[in-house]
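In what follows, a single structure is set out as structure tokens and then discussed.
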Amino acid sequence: MDRLWTPWRMQYVTGADEPEGPEGRAGIFLDALADADNPDSLVVHIGTHGFVIMNLFPYNTGHMMVVPKRRVADLTSLSEGERAELFELVSETTAVAETVLNCDGFNIGLNIGSVAGAGIAQHLHIHVVPRWLGDANFMPITANTMVLPELLPATTARMKGEFTARTTRRHSPGIHSTSGSVVYLPDEKKFVLRVSQDGSVVLPKGHIEEGESAADAAIREVSEETGFASTITNWLGVDEYDYQGSSFHTTYFFAVGAMTPDVEAHLGTDTVLVDIDIAADKLTFPALTRIAERAIELVGRSKAERKSAE
């Protein structure tokens, strides 16, 4: 029998467990849940007994975790209601990932206890990892490298938008579920805004079609209403309102825009380009002003991060 010499693993055999106090790694999930209202939060959905959070260090694109709200270390410590909802959330998470990412399959599992590989052993969590044919190949093994086609804030935004839209449709069947974007043009330092038939200045948005993700609907609506191509990069928030006897729920994304030949037909008629410093003041409705202010904050943060890197 061949032997693989691994002296570095002796620490796992002889070493004592590291204590995980309330302020240590064991509290990461509950800290994230407490900060879920923060637009930058990785929490994408909250249920009665559990919630869904993006993995900060994903095995693959769209890697999410289903976590009980109560800190327990193993399945036997969960109540019947908690167990039922957690696995319903796993099912919902796979449905969201299929709609958003068009994945071919999933790795779903739990690591219970440090010896089984649980990084946060004191708080049970179920991994849901989307998979595609040939997605990772041997990269994680031979090159210690993960292949991720988009940044985590973009994936988080698309997942959060989809969970939000699905939950709204489920609990409010009569509501119109729509999505849109604040579109930023980096070279021009302007936002793309839309002028409605009544003269209102609004954000491009529209109805989410059957089988379409909220993010894909936002991209399509931006293209149809303004001619710009857009790439979603972050989450902005939601707006709920009534109009002409109907109720609407809109999820808003932050997106980077690019010119296309179709833009010319919209400029000067139903589309305007506005300097980001005055865009919030140009919007007709206060709820949209708040969404635009969040977008302005993201642009400013991005500039600061670039200067810091330089």
Side-chain angles (χ1 to χ4, degrees), residues 44-45 52 61-62 64 89 91-106 130 132 149-150 153-184 191-198 200 202-263 265-266 269-271 285 287-288 291 295:
V44 293
H45 178 70
V52 184
T61 299
M64 290 174 275
L89 283 176
S91 176
E92 181 74 355
T93 300
T94 61
V96 165
E98 286 174 340
T99 301
V100 172
L101 299 174
N102 295 314
C103 47
D104 299 319
F106 296 91
W132 297 262
E150 69 178 359
T155 310
T156 302
R158 297 203 289 148
M159 294 299 185
K160 191 178 294 188
E162 190 60 23
F163 269 113
T164 301
R166 290 172 67 94
T167 302
T168 300
R169 288 194 295 266
R170 182 181 301 113
H171 296 302
S172 305
I175 202 167
H176 294 274
S177 188
T178 61
S179 66
S181 295
V182 174
V183 181
Y184 176 56
F191 285 154
V192 180
L193 305 182
R194 183 172 179 271
V195 181
S196 299
Q197 292 181 348
D198 63 1
S200 301
V202 296
L203 300 172
K205 71 176 189 312
H207 184 71
I208 302 172
E209 303 293 346
E210 185 71 27
E212 185 179 42
S213 73
D216 287 342
I219 292 170
R220 175 181 53 76
E221 289 291 342
V222 167
S223 176
E224 292 176 357
E225 294 189 347
T226 71
F228 281 90
S230 61
T231 302
I232 288 172
T233 62
N234 219 310
W235 168 259
L236 291 178
V238 301
D239 179 28
E240 292 185 340
Y241 61 96
D242 294 327
Y243 179 70
Q244 294 184 346
S246 297
S247 296
F248 293 82
H249 177 281
T250 306
T251 61
Y252 280 108
F253 302 95
F254 182 82
V256 175
M259 297 282 264
T260 75
D262 297 327
V263 170
H266 292 273
T269 55
D270 58 7
T271 299
F285 304 105
L288 299 186
I291 296 293

*asked:* Tell me which pairs pass salt bridge (charged side-chain N to carboxylate O under 4.0 Å, His left out) where either residue lies in residues 223-252, with sequence neighbours left out.
replied: Arg194-Glu225, Arg220-Glu224
*Can Phe228 and His266 be said to form a side-chain contact (heavy atoms from CB on, under 4.5 Å), step by step?*
CA-CA 9 Å; Phe228 281 90; His266 292 273; over 6 Å; no
*Of all residues at least two apart in sequence or in a different chain, which pass the side-chain hydrogen bond (donor to acceptor under 3.5 Å, both in side chains) check with His45?*
none
*asked:* Can you list everything that forms a ring-ring contact (aromatic ring centres under 6.0 Å, His included) with His207? Sequence neighbours excluded, please.
replied: none
_With Thr260 via side-chain contact (heavy atoms from CB on, under 4.5 Å) - residues at least two apart_ = Ala229, Asp262, Val263
*By side-chain contact (heavy atoms from CB on, under 4.5 Å), which residues pair with Thr233, not counting sequence neighbours?*
Phe254, Val256
_Please evaluate residues Phe163 and Glu92 with respect to the criterion side-chain contact (heavy atoms from CB on, under 4.5 Å), reporting the C-alpha separation (whole Å), side-chain torsions for both, the decisive distance (0.1 Å), and the verdict._
CA-CA 9 Å; Phe163 269 113; Glu92 181 74 355; 3.7 Å; yes
*If we only count heavy atoms from C-beta on, is the Thr156 to Val44 side-chain gap below 4.5 Å?*
yes
*asked:* Give me the atom names and distance for the closest heavy-atom approach of Ile232 to Ala157.
replied: CG2-CB, 4.3 Å
*Please determine which of Leu193, Val222, Val182 meets the side-chain contact (heavy atoms from CB on, under 4.5 Å) test together with Pro204.*
Val222
_Tell me whether Ser172 contacts the main-chain N or O of Arg169 through its side chain, where contact means a donor paired with an acceptor under 3.5 Å._
no
*Measure across Phe253 and Ala218 and return the closest heavy-atom pair with its distance rounded to 0.1 Å.*
CD1-CB, 3.8 Å
*Got a sec, which residues hit side-chain hydrogen bond (donor to acceptor under 3.5 Å, both in side chains) with Asp216, two or more places apart in sequence or on another chain?*
Ser213
*asked:* Please enumerate all residues that pass ring-ring contact (aromatic ring centres under 6.0 Å, His included) together with Phe191, with sequence neighbours excluded.
replied: Tyr184
*Closest heavy-atom contact between Asn234 and Pro153?*
ND2-CB, 3.8 Å
*Looking only at atom types and distance, does a side-chain atom of Glu212 sit under 3.5 Å from a main-chain N or O of Glu209, one as donor and one as acceptor?*
yes
*Quick one: list whatever passes side-chain contact (heavy atoms from CB on, under 4.5 Å) with Ser200, sequence neighbours left out.*
Ser196, Asp198, Val202, Thr284, Phe285
*Of the options Val96, Leu101, Asn102, which is the one that meets Pro130 in a side-chain contact (heavy atoms from CB on, under 4.5 Å)?*
Leu101
*Just jot down the side-chain contact (heavy atoms from CB on, under 4.5 Å) partners of Asp104, sequence neighbours excluded, or say none.*
Trp132, Leu133
*Got a sec, which residues hit side-chain hydrogen bond (donor to acceptor under 3.5 Å, both in side chains) with Thr250, two or more places apart in sequence or on another chain?*
Thr178
_The criterion is side-chain hydrogen bond (donor to acceptor under 3.5 Å, both in side chains); which residues satisfy it with Thr251, sequence neighbours excluded?_
none
